[in-house]
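Just follow the structure's listing: the first ligand is 1, and inside any ligand the first atom is 1. Values below: every heavy atom of this structure, side chains too, minus hydrogens, waters and symmetry copies.
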Amino acid sequence: MKMNFLDCSPEVSAALAQKKAIVALESTIIAHGMPYPKNVETAMRVEAMVRKHGAIPATCAIIDGRLKAGLSAAELELFGQQGAGIAKVSRRDFPLLLARRQHGATTVAATMIIAQMAGIRVFATGGIGGVHRGAPQTFDISADLQELAHTSVAVVTAGAKSILDLPLTLEYLETQGVPVLGYQTNEFPAFYTRQSGLPVDARLDSPAEIAEVLTAKWALGLQGGVVVANPIPAAHSLPPEQIEAVIAAAIAEAEAAGVKGKALTPFLLARIEQMTEGNSLLSNIELVLNNAQLAAEIAVAMAG
Ligand code: PSU
Ligand code: MN
């Protein structure tokens, strides 16, 4: 028998029992993706956005070795304040944190695991991890992609940052059988920009159509996730040349400093933010809010 490691908040438990729309949210973006106190403020705004569009937010994390779906305001504050002092958790880290009863900030992969366990099908994030530039030598491929291959949760994302090799990321998702759906776009968005020059598998123009694709996939018994690629609102996108130059500089610094493994993504995010003097942070916040709205609309369509 599987032991119970999961605590759903009272609100999330009630929503599950009533088959209400729920949207999972990650906690790495809070602890490792944005500076305090903007991170906590954003986490609250994202939860409010999910509610505004008719769903219940379930921010996921590990607290004292327990898996959590649904955090209190005090818990969000704790993750925001402690930031990088809290371990960044992917699939491989669960056993150790549970055994040691520690806290963990969940990445896309780890949040998908908790969401699936709780029975939550839709998840909003900022950007997914992917195949890093230079991966043919470094083998640095985010565990997010493997999780999408196996865990049945739809991830609403503004595409992926071009700190990654986007063509290889899409190849990997294709190999692993993960549909990449564009919401009102034919192109896979590149996080800060709406365009990457790379096609999505299909363009879908309404949350209801996306919900139908998800329902069909899982009704068919095809396990695994779906990428719902939602471009950043045009008003908040950054000039592609500027962001490309900044990303190249940040990657060069990481190489020079020997930053690798799970530290690489947070390092690059922080350097990009410093180099754009906070501009990238504003865009980052807006695209997460935009993803929270779409995820709520999809969850409502699936519940209906
Ligand atoms: N990409 C972003 N912002 C983020 C992350 C990725 O643009 O905050 C975080 C997410 O939590 C994602 C994780 O799941 O980084 C991927 O880390 P890695 O590349 O180490 O797998
Ligand atoms: Mn990695």
- Message: For Val122 and Val153: C-alpha separation, side-chain torsions, deciding distance, then whether side chain to side chain contact (heavy atoms under 4.5 Å, CB included) applies.
- Response: CA-CA 6 Å; Val122 184; Val153 173; over 6 Å; no

Return a yes/no value for [X]: is any of its N or O atoms, backbone included, closer than 3.5 angstrom to an N or O of ligand 1?
X: Val108; answer: yes
X: Ser142; answer: yes
X: Asp144; answer: yes
X: Glu26; answer: yes

Atoms in ligand 1 flagged as close to [X], the criterion being non-hydrogen separation under 4.0 Å:
X: Phe191; answer: 7 (O)
X: Thr28; answer: 11 (O)
X: Lys161; answer: 2 (C), 3 (N), 7 (O)

- Find, among atoms of Asp140 that are N, O or S, the one nearest to the Mn ion (ligand 2), and state its name.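 Closest to the Mn ion (ligand 2) among those atoms: OD1.
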
- Residue and atom name of the nearest protein heavy atom (relative to atom 19 (O) of ligand 1), distance in Å to one decimal: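 Here the closest protein heavy atom is Thr265 OG1, 2.7 Å.
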
- Around atom 6 (C) of ligand 1, find the nearest protein heavy atom and jot down its residue, atom name and distance.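 Of the protein heavy atoms, Gly127 O, 3.5 Å lies nearest.
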
- Query: Hey, are the side chains of Arg121 and Ser152 touching, using non-hydrogen atoms and a 4.5 Å cut-off?
  - Reply: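 Heavy-atom side-chain distance check passes, below 4.5 Å.
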
- Query: For atom CD of Gln223, is the number of surrounding heavy atoms from other residues, nucleotides or ligands below 6.0 Å larger than 12?
  - Reply: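 No, the 6.0 Å shell around CD holds no more than 12 heavy atoms from other groups.
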
- More than 12 heavy atoms of other residues, nucleotides or ligands under 6.0 Å from NZ of Lys217: is that the case?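 More than 12 within 6.0 Å, yes.
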
- Check Asn291 against Ala158 and note the closest heavy-atom contact, atom names and distance.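 For Asn291 and Ala158, the tightest heavy-atom pair comes out as ND2-N, 3.3 Å.
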
- Run down the list His132, Lys88, Gln146, Glu147 and name the one with the heavy atom closest to atom 17 (O) of ligand 1.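 Heavy atom nearest to atom 17 (O) of ligand 1 belongs to Lys88.
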
- Query: In Å and rounded to the nearest 0.5 Å, what is the NZ to OG1 distance from Lys161 to Thr193?
  - Reply: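 If I round to the nearest 0.5 Å, the distance is 11.5 Å.
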
- Query: Can you tell me how far the OG1 atom of Thr276 sits from the CG atom of Leu282, to the nearest 0.5 Å?
  - Reply: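 The OG1 atom of Thr276 sits 8.5 Å away from the CG atom of Leu282.
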
- Item | N-O pairing of Arg133 and Asp165 below 4.0 Å |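 Answer for the salt bridge query: no.
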
- Task: For ligand 1, note which part of Leu269 has a heavy atom under 4.0 Å away: side chain, backbone, both or neither.
- Result: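 For Leu269, only side-chain atoms sit under 4.0 Å from ligand 1.
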
